[in-house]
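Source: prediction; values computed, not measured.
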Amino acid sequence: MDRAVGARRHAPALVARHVRHARSGGWTVSESLISHRPAGTGHPYRHDLDQRVPVHPLRGEQYEIRVLTDQQVTEVRVEFGDGTQVLAEPVDPATVTLDFGAPAAPPTGSAGHLTSAASAASDTGGRTPWIVRATAGADDEYAIIGRTAAGREVRTEVFPVRPLVWQRDGGRLDVRDPGAAGVLDPGSVEWLTGSDGPRRVRFAMRLAAGEHVVGFGERYHALDQRGQVLDATVFEQYKRQGHRTYLPMPFAVVIGGVAGWGFHVVTSRRTWYDVGASRPDRILVEAEIDPAKPALPLRLYTGEPAAVVRNFLSDTGQPPVPPAWVFRPWMSGNEWNTQARVLAEVHRSLAEGIPVGAVVIEAWSDESTFVAFRDARYQVHRDGAPHRLADFEFPADGAWPDPKEMIDELHEADVKVLLWQIPLAPTDRGDEGQIAADLATMAERGYAVREADGSPHHNRGWWFPGALLPDWTNPEAQRWWLEKRRYLVEELGVDGFKTDGGEHPWGHDLRYFDGSRGDESNNLFPVRYAAAYHDLMRSAGIDGLTFSRAGFTGSAAFPAHWAGDEDSTWEAYRASITAGLTAGVGGIFFWGWDLAGFSGDIPDAELYLRSAAAACFAPIMQYHSEFNHHRDPSVDRTPWNIAERTREPQVLEVFRRFAQLREDLVPYLVEQAQRSVRTGKPLMRPLFFDHPDDKRVWDWPQQWQLGDDLLVAPVTEPGVTTWPVWLPPGEWEDYFTGERHSGPVEVHRRVPIDEIPVYRRVA
């Protein structure tokens, strides 16, 4: 998760916070003895133990009313509108399906320092779960009655049930682009409707034999989504993402038919896709809609893949070309939490002959405001007003004795600096200090995302539980948040920000300043988050960038991005490559991943070097490591630490070779980045963009072209000495040996550890 150091302290407060916020944040409680929230926490992949399942039942189908009670409660009944009462049965949480569509269980030894925090969300806090099963008929209502061991009876408020039914009428599917109108199956459109209006629409698009479907944002499980069932909602899955993703998009490209095409379901609400899984000749789409405005635009595009991507970006936001330094090697480590340590690591790299274009400093802040450097002394601004550099005193014996001097020194070495950020104000840092003043300011001025009752929303997720979220739709809130960080850019000279997180808003019931609800704006939160930091940098006159994990439609306009949290395994390495190729199709052209993984035990030398070779030929080359409580041995992913830990001295030599090669590639990458933005072809792209008529490219889903002239075939399996490569039609020259080949041809290339199969197109 690329957390800063103090993130490990956040998990234990989770259960207690459920009690403390019992009368806010969506909990319905009778004297804290009974908990029932019909919509739960809003977790998109989890049925909470005190929610209704499903939240909106279908007429004639069974649903569950789930309840959690204090241990004092010995009996639970549900009373329906006609006076009928049904006795609830206590259940063992282990027997109730909570997570659905969950990724595979973690392999042995893969746990990172945040694993226990992620699993804490399953803790019931000693409460007892109960279930009543009912059948949805006409509109109804119910209340929950509990009886304690002492014979005392407690009752909740009344909850309405509005069963839904699929029907032909209910809203309008607004199909744009008549040139592709034949794609839609007009008889397939249906609306999921109840007494309070339609809530979803579903429809089908024709899928021809031989067509491939690529897109839906950054995806880890496959390049071609034909045969897959997936959804598009922003979600933080800590490692092993499976079908879940930080960066979804309701957009895809269809390749291989008589004419190419693509589609964009123009919505920020959640959507679902069955891509030829249930019906091989159909793409089935389902989308949430606003009952008050039951319309859904569907934008259809025609043309070859680059034209489809180009038109999509024209509609949703063009990516700018980032500055050239972005294409140089980056370095980072979560335990580099002092000025001396950061400078030592950078100096070591330069002394080893390993160039550094940028260093990402994660563990720099006070882990409270994420504005002040740790150990800095300053006067608290009770009104939440911003500080300037002169307001801070940096003790000589502190962690960061002179941040300005540090950044100046790094700049003199031609190294750029990015600082870590998180879009949250934590509520578990005590009642004093600047964070307390900032929380009060956010609450009093309405700067935070709100609950339906107008109170500040407290983060329902497992990371920074209970924290407040800035409301990016409120111009004053955004200005206030950014001004507190302005000194970092204007006075210290920071070159960019690692805008971590962004997946935190859960729940359709949330309220935003612009009048939107959570179902409409939650997915846009990470887009607005990155956009806000770009506004800050532009206003300060610097050509900086954000490095974001989460995003949605529109994120292409705010580069750059990385693939999120992964273990150091071959499986994760392969998944990361797939993530980069799919992200590029959605316009995320400037992308990278934590090469060889950042979590768990260190990678072996082979995995590290194979991944470094692949990253050398990706848009962004960077390594990073997770927090390890400063225990020995170190888990830093620096090449010297990997060499020392694995007792493989060649790691240093080989990594040096690839890092220096990367420096040589920078002019090419800058030129190709400009071409990508102009043409709609991703910088790191699947082979079908350049070879649409070659059906064999689909057998090689982890090869890519880096720009127009380089074909990359990464080694993704351990213990091999030769590697198969598919060269499409054309003339190709081996990047390392100069050997020529005429495609189409399958080549079996020797793969010493200091080389990667890369071929240059010969004009």
Please enumerate all residues that pass side chain to side chain contact (heavy atoms under 4.5 Å, CB included) together with [X], with sequence neighbours excluded.
{"X": "P724", "answer": "W700, E746, H748"}
{"X": "S332", "answer": "V360, E362, H624"}
{"X": "T271", "answer": "A232, P250, V265, T267, Y273, A287"}
{"X": "A659", "answer": "P329, I354, P355, F655"}

Practice task
Kindly determine whether Y623 and W330 satisfy ring-ring contact (aromatic ring centres under 6.0 Å, His included), including the steps that lead there.
Solution key: CA-CA 7 Å; Y623 60 76; W330 295 24; over 10 Å; no
Got a second to check how far [X]'s [atom1] is from [Y]'s [atom2], nearest 0.5 Å?
{"X": "F327", "Y": "Q672", "atom1": "CZ", "atom2": "CD", "value": "10.5 Å"}
{"X": "L710", "Y": "M684", "atom1": "CG", "atom2": "CE", "value": "13.0 Å"}
{"X": "L247", "Y": "N523", "atom1": "CG", "atom2": "CG", "value": "10.5 Å"}
{"X": "Q225", "Y": "D274", "atom1": "CD", "atom2": "CG", "value": "12.0 Å"}
{"X": "I422", "Y": "E367", "atom1": "CD1", "atom2": "CD", "value": "10.0 Å"}
{"X": "D495", "Y": "L545", "atom1": "CG", "atom2": "CG", "value": "9.5 Å"}

If you define the side chain from C-beta out and look only at heavy atoms, does anything of [X] sit under 4.5 Å from [Y]?
{"X": "F547", "Y": "W562", "answer": "yes"}
{"X": "Y608", "Y": "E606", "answer": "no"}
{"X": "E626", "Y": "V635", "answer": "no"}
{"X": "V359", "Y": "V417", "answer": "yes"}
{"X": "F736", "Y": "L661", "answer": "yes"}
{"X": "P686", "Y": "L223", "answer": "yes"}
{"X": "P559", "Y": "P320", "answer": "yes"}
{"X": "F598", "Y": "D565", "answer": "yes"}

Just checking, any donor-acceptor pair under 3.5 angstrom between side chains of [X] and [Y]?
{"X": "Y533", "Y": "R485", "result": "yes"}
{"X": "Q421", "Y": "Y529", "result": "no"}
{"X": "T553", "Y": "T316", "result": "no"}
{"X": "T338", "Y": "R374", "result": "no"}
{"X": "T582", "Y": "E218", "result": "no"}
{"X": "H221", "Y": "T578", "result": "no"}

Exercise for the section: Provide the full list of salt bridge (charged side-chain N to carboxylate O under 4.0 Å, His left out) pairs with a residue in residues 646-661, sequence neighbours left out, each pair given once. Expected result: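 Every pair satisfying salt bridge (charged side-chain N to carboxylate O under 4.0 Å, His left out) with a residue in residues 646-661: E352-R656, R657-D754.
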What pairs with [X] under ring-ring contact (aromatic ring centres under 6.0 Å, His included), at least two apart in sequence or on another chain?
{"X": "W698", "answer": "H212, F688"}
{"X": "F235", "answer": "H43, Y45"}
{"X": "F589", "answer": "none"}

Identify, with sequence neighbours excluded, every residue that meets salt bridge (Lys or Arg N to Asp or Glu O under 4.0 Å) alongside [X].
{"X": "D231", "value": "R270"}
{"X": "D224", "value": "none"}
{"X": "D699", "value": "R696"}
{"X": "R219", "value": "none"}

Exercise for the section: Starting from the C-alpha separation in whole Å, work towards a yes-or-no answer on side chain to side chain contact (heavy atoms under 4.5 Å, CB included) for Y573 and S568. Expected result: CA-CA 7 Å; Y573 167 38; S568 292; over 6 Å; no
Exercise for the section: Kindly state whether the ring of H561 and the ring of F558 have centres lying under 6.0 angstrom apart. Expected result: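 No, ring centres 6.0 Å or more apart.
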Problem - Pair F370 and W420, ring centroids less than 6.0 Å apart - result: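 Yes, the ring centres sit under 6.0 Å apart.
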Practice task
Quickly, which of D636, D601, D604 forms a salt bridge (charged side-chain N to carboxylate O under 4.0 Å, His left out) with R645? Name it, please.
Solution key: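 Among D636, D601, D604, the one that satisfies the salt bridge (charged side-chain N to carboxylate O under 4.0 Å, His left out) with R645 is D601.
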Ionic contact status for [Y] with [X], cut-off 4.0 Å:
{"X": "R341", "Y": "E335", "result": "no"}
{"X": "E717", "Y": "R610", "result": "no"}
{"X": "R244", "Y": "E236", "result": "no"}
{"X": "D664", "Y": "R662", "result": "no"}
{"X": "E566", "Y": "K239", "result": "no"}

Practice task
Under the side chain to side chain contact (heavy atoms under 4.5 Å, CB included) rule, what do W472 and L469 come out as? Steps first, then yes or no, please.
Solution key: CA-CA 9 Å; W472 305 114; L469 284 65; over 6 Å; no
Handout entry: Among V712, V725, V697, side-chain contact (heavy atoms from CB on, under 4.5 Å) partner for Q703
Key =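 Checked V712, V725, V697 against Q703; only one passes side-chain contact (heavy atoms from CB on, under 4.5 Å): V725.
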Handout entry: Step-by-step salt bridge (Lys or Arg N to Asp or Glu O under 4.0 Å) determination, E345 to R637
Key = CA-CA 11 Å; E345 297 295 346; R637 267 58 172 177; over 6 Å; no
Problem - W463 and H504 aromatic ring geometry - parallel, tilted or perpendicular at 30°/60° bounds - result: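 Taking W463 first and then H504, their aromatic rings sit tilted (interplane angle of 30° to 60°).
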Problem - CA sep, side-chain torsions, deciding dist, call: T245, L230, side chain to side chain contact (heavy atoms under 4.5 Å, CB included) - result: CA-CA 10 Å; T245 180; L230 61 158; over 6 Å; no
Handout entry: Derivation and outcome, ring-ring contact (aromatic ring centres under 6.0 Å, His included), residues F617 and Y735
Key = CA-CA 12 Å; F617 291 93; Y735 191 87; 5.6 Å; yes
Handout entry: Pair V346-M331, side chain to side chain contact (heavy atoms under 4.5 Å, CB included): steps then yes or no
Key = CA-CA 8 Å; V346 174; M331 62 189 302; 4.0 Å; yes
Handout entry: Contact summary for V213 and F216, nearest pair of heavy atoms
Key =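 Closest heavy-atom pair between V213 and F216: CG1-CE1, 3.8 Å.
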